[in-house]
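First up is the structure itself, then whatever we jot down about it.
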Amino acid sequence: MTKPADAFDDIPGTVLFDGEKLRQGYQLNKFLSSLVEADNRKTFKSNQAEYLTKFTMSEQQRDAVLKRDWPGMLELGGNIFCMTKLAILDGTPFQQVNAIMSGMSMKEYEDMMNAGGRPMQGIRSKKESNIG
Amino acid sequence: MQGVAPCRVFDQKRNRTLAEIVAGLCTSHVPLLGRVIDGGRTDEPYWQPIFKGYEPVKKWLAEVKPDVMIVIYNDHANGFSFKYTPTFAIGCADEFNPADEGAGARHVPVVPGHARLAWHITESLVLDQFDMTIMNEMDVDHGLTVPLSLVCGQPEVWPCKVIPICVNVIQYPQPTAARCYALGKAIRKAVKSFDEDLKVVIVGTGGMSHQIHGARSGLINQEFDNAFLDKLTTSPAELAQISHAEYVREVGAEGAEIIMWLTMRGALDDEVDVLHRFYHVPAMNTAVGNIVMQNAKSQKITA
Ligand SMILES: [Fe+2]
């Protein structure tokens with residue numbers, strides 16, 4: 001059983017990193033995780049596309065990495081904790097990644113967080129939600 | 001909570017004090033807090049209220065002076081890749097290096113282990129039906145080192161030994177809240193049967209509410225977090241019955257790691273006294289909290 005209980009399906013705007021996601025994103029995450037080693041960071045920085053050929057990921061996944069398409073990586077099986085390595089390497093604040101993923105400007109996102117975070121109203125259940 | 005320190009149990013028959021979990025604390029393990037500490041920025045107006053909320057914990061811990069801290073934490077694809085995902089892993093080595101998480105390892109002391117107690121706990125847990133993964137080499141990430149910095153500050157060497165217990169809360173299937181709670185009870189039993197005079201503090205880490213991916217990024221649920229802190233004190237068994245889906249719904253996919261706090265709670269008595277409690281929103285994307293408690297029956301010493 002790789003799919004968690006149906007109760008998860010009702011939660012909007014959330015990707016459950018389950019067995020299916022693990023299998024879909026395995027090579028993508030293997031690449032992202034490789035960036036915890038300094039030598040790999042150096043090699044990747046010197047030629048990004050070439051470094052990616054070491055991992056048997058899909059064309060789409062490779063593209064998403066090179067374009068820094070964060071929602072795309074997530075969609076294609078990227079694990080959020082693996083993705084932090086790439087953001088750190090680029091010097092991209094993670095709030096920016098979060099802003100992009102939730103369709104907000106950095107300013108809007110920062111203001112929302114400083115005002116106490118994303119309110120719970122309308123984000124508990126797909127039945128009451130407009131965020132998908 | 002001025003000058004309150006737990007008193008140890010003296011075993012009349014054996015004429016000595018036994019190994020015992022004397023208290024527990026829980027704290028968030030937000031990686032950014034580690035970077036703020038390392039960068040000497042804790043006095044900045046944005047961060048200062050958070051670190052102020054840790055001052056009483058630091059003071060209390062310095063008075064308690066534990067020999068060992070058992071730290072329940074999770075790895076975030078740093079010490080482990082997805083090549084292996086142990087559900088529960090225990091660090092049995094003499095020391096653990098801080099992990100490189102993408103920008104070089106944190107400049108904090110190497111984490112000293114307590115191999116003999118760790119092996120004893122492992123043996124007791126496995127015989128008690130908790131099939132632990134035994135780690136003889138393991139790098140520890142912010143999930144463990146940030147809590148150490150928050151409660152111990154920036155010493156040259158960490159003031160006590162540490163037994164890391166790593167829980168998989170990033171890949172489904174994950175252990176349930178009930179299982180994490182039961183693990184705490186089993187750890188308590190294991191420590192109690194250890195043949196050496198040791199003062200142990202158990203630490204739960206992670207949370208509080210936050211989600212850092214997808215359209216729900218930025219979720220904060222103050223109401224649930226505060227109710228969680230209440231129930232962690234009075235009725236933890238109730239929290240142990242909550243499903244993964246409900247935790248994810250209420251505290252976010254990443255905030256659901258808060259179930260690790262239940263392991264700390266399971267290791268204490270049903271009746272506890274809360275010595276300190278703190279809650280703050282936000283630390284960038286996350287609600288930050290901490291709580292310190294000890295068994296209600298334990299005698300309090302004014303230091
Ligand atoms: Fe965590």
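Values reported hereafter were calculated over all heavy atoms of this structure, with side chains retained and with hydrogens, waters and symmetry mates removed.
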Could you check B/Asp100 against A/Glu37 for side chain to side chain contact (heavy atoms under 4.5 Å, CB included), going step by step and ending with a plain yes or no? CA-CA 7 Å; B/Asp100 186 336; A/Glu37 286 178 36; over 6 Å; no
Taking [X] for the side chain and [Y] for the main chain, is one N or O donor matched with an acceptor at less than 3.5 Å?
X: B/His213; Y: A/Val15; answer: yes
X: A/Lys85; Y: B/Ala77; answer: yes
X: A/Arg118; Y: B/Ile220; answer: no

Side chain to side chain contact (heavy atoms under 4.5 Å, CB included) evaluation trace for B/Arg216 with A/Ile11: CA-CA 10 Å; B/Arg216 289 214 306 171; A/Ile11 302 170; 3.5 Å; yes
Only pairs of heavy atoms separated by less than 4.5 Å count here; which of [options] has the most with chain A?
options: B/Glu246, B/Glu223, B/His244; value: B/His244
options: B/Val281, B/Leu32, B/Ile170; value: B/Ile170
options: B/Gln174, B/Met284, B/Gln222, B/His210; value: B/Met284
options: B/Ser81, B/Ala103, B/Pro31, B/Ala99; value: B/Ala103

For [X], I'd like to know if atom [atom1] has over 12 heavy atoms of other residues, nucleotides or ligands within 6.0 Å.
X: A/Glu128; atom1: CD; result: yes
X: B/Asn136; atom1: CG; result: yes
X: B/Glu55; atom1: CD; result: yes
X: B/Glu137; atom1: CD; result: no
X: A/Glu110; atom1: CD; result: yes

Among the options A/Lys30, A/Lys21, A/Arg41, A/Met83, pick out the one with the most heavy-atom pairs lying under 4.5 Å from chain B.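 Option with the top pair count is A/Arg41.
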Interface residue of largest heavy-atom contact number with chain B, from A/Asn40, A/Thr84, A/Leu35, A/Leu74, under 4.5 Å: A/Leu74
Sort [X] into side chain, backbone, both or neither according to what part of it lies under 4.5 angstrom from a heavy atom of chain B.
X: A/Met112; answer: side chain
X: A/Arg124; answer: both
X: A/Asn98; answer: both
X: A/Ser125; answer: both

Going from [atom1] on [X] to [atom2] on [Y], what distance comes out if it is rounded to the nearest 0.5 angstrom?
X: A/Ser33; Y: B/His76; atom1: OG; atom2: NE2; value: 13.0 Å
X: B/Glu254; Y: A/Ile80; atom1: CD; atom2: CD1; value: 6.5 Å
X: A/Phe94; Y: B/Ser217; atom1: CZ; atom2: OG; value: 8.0 Å

Test side-chain contact (heavy atoms from CB on, under 4.5 Å), reference A/Phe81, set B/Asn78, B/Ile212, B/Asp75, output is B/Ile212
At a heavy-atom separation under 4.5 Å, does B/Glu101 approach chain A through its side chain, its backbone, both, or neither?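 For B/Glu101, the contact with chain A is made by the backbone alone.
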Under 4.5 Å from a heavy atom of chain A, the part of B/Phe224 involved: neither
Measure from the ring center of A/Phe17 to the ring center of B/Phe82 and say whether it is less than 6.0 Å.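 Yes: the rings meet the under 6.0 Å criterion.
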Decide yes or no for A/Asp10 and B/Arg249: does some side-chain heavy atom of the first lie under 4.5 Å from some side-chain heavy atom of the second?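 Answer yes - side chains close enough.
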